[in-house]
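Each chain gets a letter, A, B and so on, in the order its sequence line appears, and its residues count up from 1. This structure is a prediction, so every number in the text was calculated from the model and none was measured.
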Protein chains: 2
Amino acid sequence: MFEVFQQYLQTKGAFTVQELDMIREQHFIKKLRRRQYLLQEGDVWKHYAFVSKGCLRIYYVDEKGVEHIMKFLTENWWAGDRESLLNSTPSEYYIDALEDAMLVMFTKENFERLCREIPTLNNMVNMLVHRSYVAANHRIHAAISFTTEEKYQHFIEKYPDLLGRVPLHMIASYIGVTPETLSRVRAASVKK
Amino acid sequence: MFEVFQQYLQTKGAFTVQELDMIREQHFIKKLRRRQYLLQEGDVWKHYAFVSKGCLRIYYVDEKGVEHIMKFLTENWWAGDRESLLNSTPSEYYIDALEDAMLVMFTKENFERLCREIPTLNNMVNMLVHRSYVAANHRIHAAISFTTEEKYQHFIEKYPDLLGRVPLHMIASYIGVTPETLSRVRAASVKK
DNA sequence: TTGAAACCTTGACAAATGTCAAGGTTTTTT
DNA sequence: AAAAAACCTTGACATTTGTCAAGGTTTCAA
């Protein structure tokens, strides 16, 4: 399973064989069954976790008990709660597996030591956060100015593989509408 | 004007006197009049810009000609378009001054050279992006699960100084509703 | 200083979305 | 294989929001 992660690394930077070995030495594998939690509200997240197989979601539950999905996490994405990791504060989020999944993981201490020892890795992480920030701004853009239909179209263009892989009511949650509304918008756009 | 920026730097990291001098040498000051543009759609953003005085906004204009405000930028914030800066692509955004403003600026080349020479500065920037990412996630959280009233309350709790400093219709734009809706929601919450 | 522009609110009505309930299908679990 | 749970859609109705129009105030610029 580490091979998937190694391939990912090689697309992100010019790592030497020695560096890849150093990284391999620190990793461990976590298998998750469908519906199993990786993180629960109140936990402090202290890892770096790369999804090598499967699909997860990160979500929170509001005061009324409604779930709101922040993100779907599939192959070649990182899972976790950066805020909890950065500030060592209890997470507001849950992460669970929508399909059986396989993660390449590191403890915070080990991974951050590797970052200090391997500048290429450090640069990769900084670039990753940078790009995540840009992507988050695109999501804000969509949230404040798109119609529901546009949000849905945008979603399936951006994540075509997720349509069919995750239930529609979760896509509705991700774009911020009720399942009924998404169902009606889909029915209306088929007609056109 | 550099003093405001220097004070900011000193709260963010332990810079030596020499390092602060190196930074000072590269900076230049830009004054903006109210309504003046700092960036227009189509431009490639190639600077780092720190707001030492005044208030700006970053926004885009949709196909219907409606403006959507991504962010207000006041004292001690950074102005610019990270996406355009990172990828050297034309910006989708406009930045203009809502009040006369004063910016401490650097060219991309100079600032990034300083980052290579001064690790403390580099760490500061990475931390900044990291925190911006976390803040963007909070905004997504609000956008997909808050009612209009909650979005407005959240806004004035988070940015109490901006209420009174920027027009309400721009706050409406920021939270993603029409000015009329915000006006009604405000009227309704006074009654309670 | 005076006219113009920007700003905020309100009303009336249309459109979009949420809520609650029901039913049929598919998937999962026992 | 049968029962249970999850999933998706639709209808009816209430609520929220958008749109268009108008009017009064404040702010800005010539």
Side-chain angles (χ1 to χ4, degrees), chain A residues 32-36 54-55 57 59 62-69 72 96-101 142-156 162-192, chain B residues 32-36 54-55 57 59 61-69 72 96-101 142-153 155-156 162-192:
Chain A
L32 280 184
R33 285 282 174 73
R34 186 175 142 83
R35 298 188 183 239
Q36 192 178 336
C55 180
R57 62 173 175 163
Y59 67 99
D62 69 21
E63 330 76 58
K64 291 166 199 151
V66 180
E67 295 176 358
H68 298 276
I69 297 179
F72 297 103
D96 65 9
L98 301 179
E99 306 167 353
D100 292 354
I144 66 175
S145 65
F146 284 7
T147 64
T148 297
E149 183 179 353
E150 287 167 342
K151 287 175 192 170
Y152 176 67
Q153 285 299 333
H154 184 243
F155 181 89
I156 61 180
L162 286 181
L163 184 65
R165 196 170 176 186
V166 304
L168 285 173
H169 70 88
M170 292 193 187
I171 296 178
S173 170
Y174 180 93
I175 67 178
V177 298
T178 60
E180 292 93 336
T181 294
L182 180 59
S183 183
R184 289 186 180 109
V185 166
R186 276 163 46 91
S189 67
V190 166
K191 269 187 214 153
K192 292 193 301 198
Chain B
L32 280 184
R33 286 281 175 74
R34 187 176 141 82
R35 298 189 183 241
Q36 193 179 334
C55 181
R57 63 174 174 162
Y59 66 98
V61 179
D62 69 22
E63 328 76 59
K64 291 165 201 152
V66 180
E67 296 176 357
H68 298 276
I69 297 180
F72 297 104
D96 65 10
L98 301 179
E99 306 166 354
D100 292 354
I144 66 176
S145 64
F146 284 7
T147 63
T148 298
E149 184 180 353
E150 287 167 343
K151 286 175 192 170
Y152 176 66
Q153 286 298 333
F155 181 88
I156 60 179
L162 286 180
L163 184 65
R165 197 170 175 185
V166 306
L168 285 172
H169 70 89
M170 291 192 187
I171 296 178
S173 170
Y174 180 93
I175 67 179
V177 298
T178 60
E180 293 92 336
T181 294
L182 179 58
S183 183
R184 288 185 182 108
V185 166
R186 276 163 47 90
S189 65
V190 166
K191 269 187 214 154
K192 294 195 299 199

**Q** Roughly how many Å is it from CZ in R184(B) to C1' in dC20(D), rounded to a whole number?
**A**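 Atom CZ in R184(B) sits about 11 Å away from atom C1' in dC20(D).
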**Q** Is D96(B) salt-bridged to R57(B), going by a charged N under 4.0 Å from an acidic O?
**A**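 A salt bridge is present here (some side-chain N lies under 4.0 Å from a carboxylate O).
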**Q** Could you tell me whether the phosphate oxygens of dT17(C), OP1 or OP2, come under 4.0 Å of any side-chain nitrogen or oxygen in T181(A)?
**A**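 So the side chain of T181(A) is outside the cut-off, no N or O lying under 4.0 Å from OP1 or OP2 of dT17(C).
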**Q** If you check every side-chain atom of H169(A), which of dA6(C), dC8(D), dT17(C) has the closest atom?
**A**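 For the H169(A) side chain, the nearest candidate turns out to be dC8(D).
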**Q** Nearest whole angstrom, please: distance from the P of dT27(C) to the CD of E99(A).
**A**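 Rounding to the nearest Å, CD of E99(A) and P of dT27(C) are 14 Å apart.
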**Q** Looking at the side chain of V185(A), which of dC7(C), dT17(C), dT9(C) is the nearest nucleotide?
**A**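 Shortest atom-to-atom distance from the side chain points to dT17(C).
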**Q** Do side-chain atoms of S145(B) reach the backbone of A142(B) as a donor and acceptor pair under 3.5 angstrom?
**A**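 No, S145(B) side chain to A142(B) backbone: no donor-acceptor pair under 3.5 Å.
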**Q** Does T147(B) place a side-chain N or O at less than 4.0 Å from the phosphate oxygens OP1/OP2 of dT16(D)?
**A**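 It does not, given that no N or O in the side chain of T147(B) lies less than 4.0 Å from OP1 or OP2 of dT16(D).
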**Q** Rounding to a whole Å, what distance do you find between R34(B):CZ and dA5(C):P?
**A**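 Nearest whole value for this atom pair: 15 Å.
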**Q** Under 4.5 Å between any side-chain heavy atoms of L162(B) and I171(B), yes or no?
**A**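 Side-chain contact under 4.5 Å: no.
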**Q** In this structure, how many angstroms lie between the C1' atom of dC8(D) and the CD1 atom of I171(A), rounded?
**A**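 To the nearest whole Å, that distance equals 12 Å.
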**Q** Please state how far atom CZ in R186(B) lies from atom P in dC7(C), giving the value in whole angstrom units.
**A**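 After rounding, the reported distance stands at 14 Å.
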**Q** Please report, rounded to the nearest Å, how far the P atom of dA6(C) is from the CD atom of E67(B).
**A**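 It is 11 Å, rounded to the nearest whole Å.
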**Q** Return the nearest nucleotide to the side chain of V177(B); candidates are dT10(D), dC7(C), dG18(D).
**A**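 In terms of side-chain proximity for V177(B), the closest of dT10(D), dC7(C), dG18(D) is dG18(D).
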**Q** Heavy atoms from C-beta onward define the side chain here; which of dT19(D), dT10(C), dT9(D) lies closest to that of T178(B)?
**A**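 Among the listed nucleotides, the one closest to the side chain of T178(B) is dT19(D).
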**Q** If I take atom CZ in residue R33(B) and atom P in nucleotide dC28(D), what distance separates them, rounded to the nearest angstrom?
**A**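 It works out to 14 Å between those atoms.
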**Q** On DNA chain C, does the nearest nucleotide to P179(B) precede the nearest nucleotide to R35(A) from the 5' side, or the other way round? Give the residue.
**A**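 Mapping each residue to its closest nucleotide by heavy atoms, the 5'-most match is P179(B).
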**Q** Of all heavy-atom pairs between D100(B) and R34(B), which one has the smallest distance, and what is that distance?
**A**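 Where D100(B) meets R34(B) most closely, the heavy atoms are OD1-N, 2.8 Å.
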**Q** Nearest to the side chain of E180(B) - dT17(D), dC20(D), dT10(D)?
**A**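 Closest nucleotide among those given: dC20(D).
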**Q** I'd like to check F72(B) versus F155(B) (side-chain heavy atoms, cut-off strictly below 4.5 Å). Are they in contact?
**A**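 Yes; the side chains approach each other to less than 4.5 Å.
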**Q** From NZ of K151(B) over to P of dT16(D), roughly how many Å is that when rounded to an integer?
**A**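 Between P of dT16(D) and NZ of K151(B): 14 Å.
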